Trainee: 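I have a structure here, written as structure tokens, and I will follow up with some questions on it.
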Protein chains: 2
Amino acid sequence: MKTGNDFSNTFSVAVLRGDVLSVDCPAREILKHMTSRWGGLVLVILQGGVHRFSELRHKIGGISEKMLSQTLQRLEFDGLIKRKSLPVVPPHVEYSLTPLGEEAAEHLKNMIDWIETKLPQILLWRRSQLDTQADD
Amino acid sequence: MKTGNDFSNTFSVAVLRGDVLSVDCPAREILKHMTSRWGGLVLVILQGGVHRFSELRHKIGGISEKMLSQTLQRLEFDGLIKRKSLPVVPPHVEYSLTPLGEEAAEHLKNMIDWIETKLPQILLWRRSQLDTQADD
DNA sequence: CGGTATCCTGACCGATACTG
DNA sequence: CAGTATCGGTCAGGATACCG
């Protein structure tokens with residue numbers, strides 16, 4: 001397996017609570033996985049229930065198989081999603097959220113909902129700034 | 001000004017609500033800014049009140065001046081933070097959250113708090129997976 | 001102090017081809 | 001169907017030097 005992932009540098013010390021502001025805290029890594037380009041989208045979609053690989057790929061506009069695979073592996077490694085491979089041919093693999101993943105997805109969903117709601121307002125603000133630039 | 005930013009492709013059409021799953025929706029861009037490597041951390045720190053450039057730089061472990069500057073500019077452009085430059089010498093610049101930014105920061109904070117809390121559990125799970133691998 | 005400009009590297013990511 | 005392997009391009013982002 002060599003797709004760019006490297007789980008070897010997982011912390012071995014006991015940690016009571018993470019601190020994202022610290023350079024070396026593994027919490028940064030979790031945050032990175034959850035907020036990576038595709039990570040959040042995958043989690044939010046899985047809130048809708050179990051999905052197969054190809055279902056995820058089609059729901060997420062623009063994702064490549066490679067990145068979907070990589071994203072799923074990282075989130076599985078973090079314990080946020082569960083992979084269930086049915087021993088049939090052709091292969092049938094199902095992805096779902098773990099309890100931990102449900103919580104993670106909920107946070108992401110709230111944020112994404114907020115963004116989608118506020119988008120018009122933000123776009124308006126952006127334009128007004130560009131216009132003001134021109135006025136000066 | 002040429003630090004890698006390019007705000008020119010801002011959408012001009014009216015949008016009632018964003019859709020992060022669409023390839024071309026600008027909501028993806030906002031999400032990207034908020035969840036970029038440094039964006040979320042800046043927003044959460046600014047929840048604690050007004051900060052100067054150097055204060056932010058010192059609180060966030062590992063950030064470079066360039067990335068802090070770039071991050072601040074993008075978030076300002078999105079209307080999430082406000083930049084106030086005092087006309088004194090030596091320069092004094094204050095960054096704070098806009099009302100919109102407060103909301104954004106709240107979402108991020110919830111998520112980061114959750115991660116920091118669950119970190120031990122996740123780390124444990126990760127290790128158990130690696131151990132199981134060895135057993136097989 | 002609060003930035004920019006410039007250069008540069010490696011990680012991210014997409015395209016394609018291939019496999020169990 | 002559900003991936004992996006490989007290649008190559010783009011771009012985020014770090015280091016350094018410089019400026020108002």
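Lettering of chains follows the sequences in order, A, B, ..., and the numbering in each one begins at 1. What you see is a predicted model; the values in this text were computed from it and never measured.
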Trainee: From the list D:dT4, C:dG2, D:dG13, which nucleotide is the closest neighbour of the side chain of A:E65?
Mentor: D:dT4
Trainee: Among C:dG14, C:dC1, D:dA2, find the nucleotide with the atom closest to the side chain of B:P90.
Mentor: C:dC1
Trainee: Can you tell me if the side-chain N/O atoms of A:R52 get under 4.0 Å from OP1 or OP2 in D:dA2?
Mentor: yes
Trainee: Can you see if the side chain of A:S69 gets near the phosphate of D:dT4 - specifically, an N or O under 4.0 Å from OP1 or OP2?
Mentor: yes
Trainee: Under 4.0 Å: is that the gap between some side-chain N or O of B:Q73 and OP1 or OP2 of C:dT4?
Mentor: yes
Trainee: Between A:R83 and D:dG3, does any side-chain N or O lie under 4.0 Å from OP1 or OP2?
Mentor: yes
Trainee: Report the distance from atom CG of B:D24 to atom CG of B:D19, rounding to the nearest 0.5 Å.
Mentor: 11.0 Å
Trainee: For the side chain of A:K66, counting heavy atoms from C-beta on, which of C:dG2, D:dC7, D:dG14 is nearest?
Mentor: D:dC7
Trainee: Indicate yes or no: does A:K118 engage B:D78 in a salt bridge with an N to O separation below 4.0 Å.
Mentor: no
Trainee: So with a 6.0 Å cut-off around CH2 of B:W125, is the heavy-atom count from everything else above 12?
Mentor: no
Trainee: On DNA chain C, does the nearest nucleotide to A:K32 precede the nearest nucleotide to B:F53 from the 5' side, or the other way round? Give the residue.
Mentor: B:F53
Trainee: Can you check whether B:Y95 has a side-chain N or O nearer than 4.0 Å to OP1 or OP2 of C:dC1?
Mentor: no
Trainee: Looking for any heavy atom pair under 4.0 Å, which part of the strands does B:R37 touch: base, sugar-phosphate only, or nothing?
Mentor: sugar-phosphate
Trainee: Please confirm whether the shortest side-chain N or O distance from B:S54 to OP1 or OP2 of C:dG2 is below 4.0 Å.
Mentor: yes
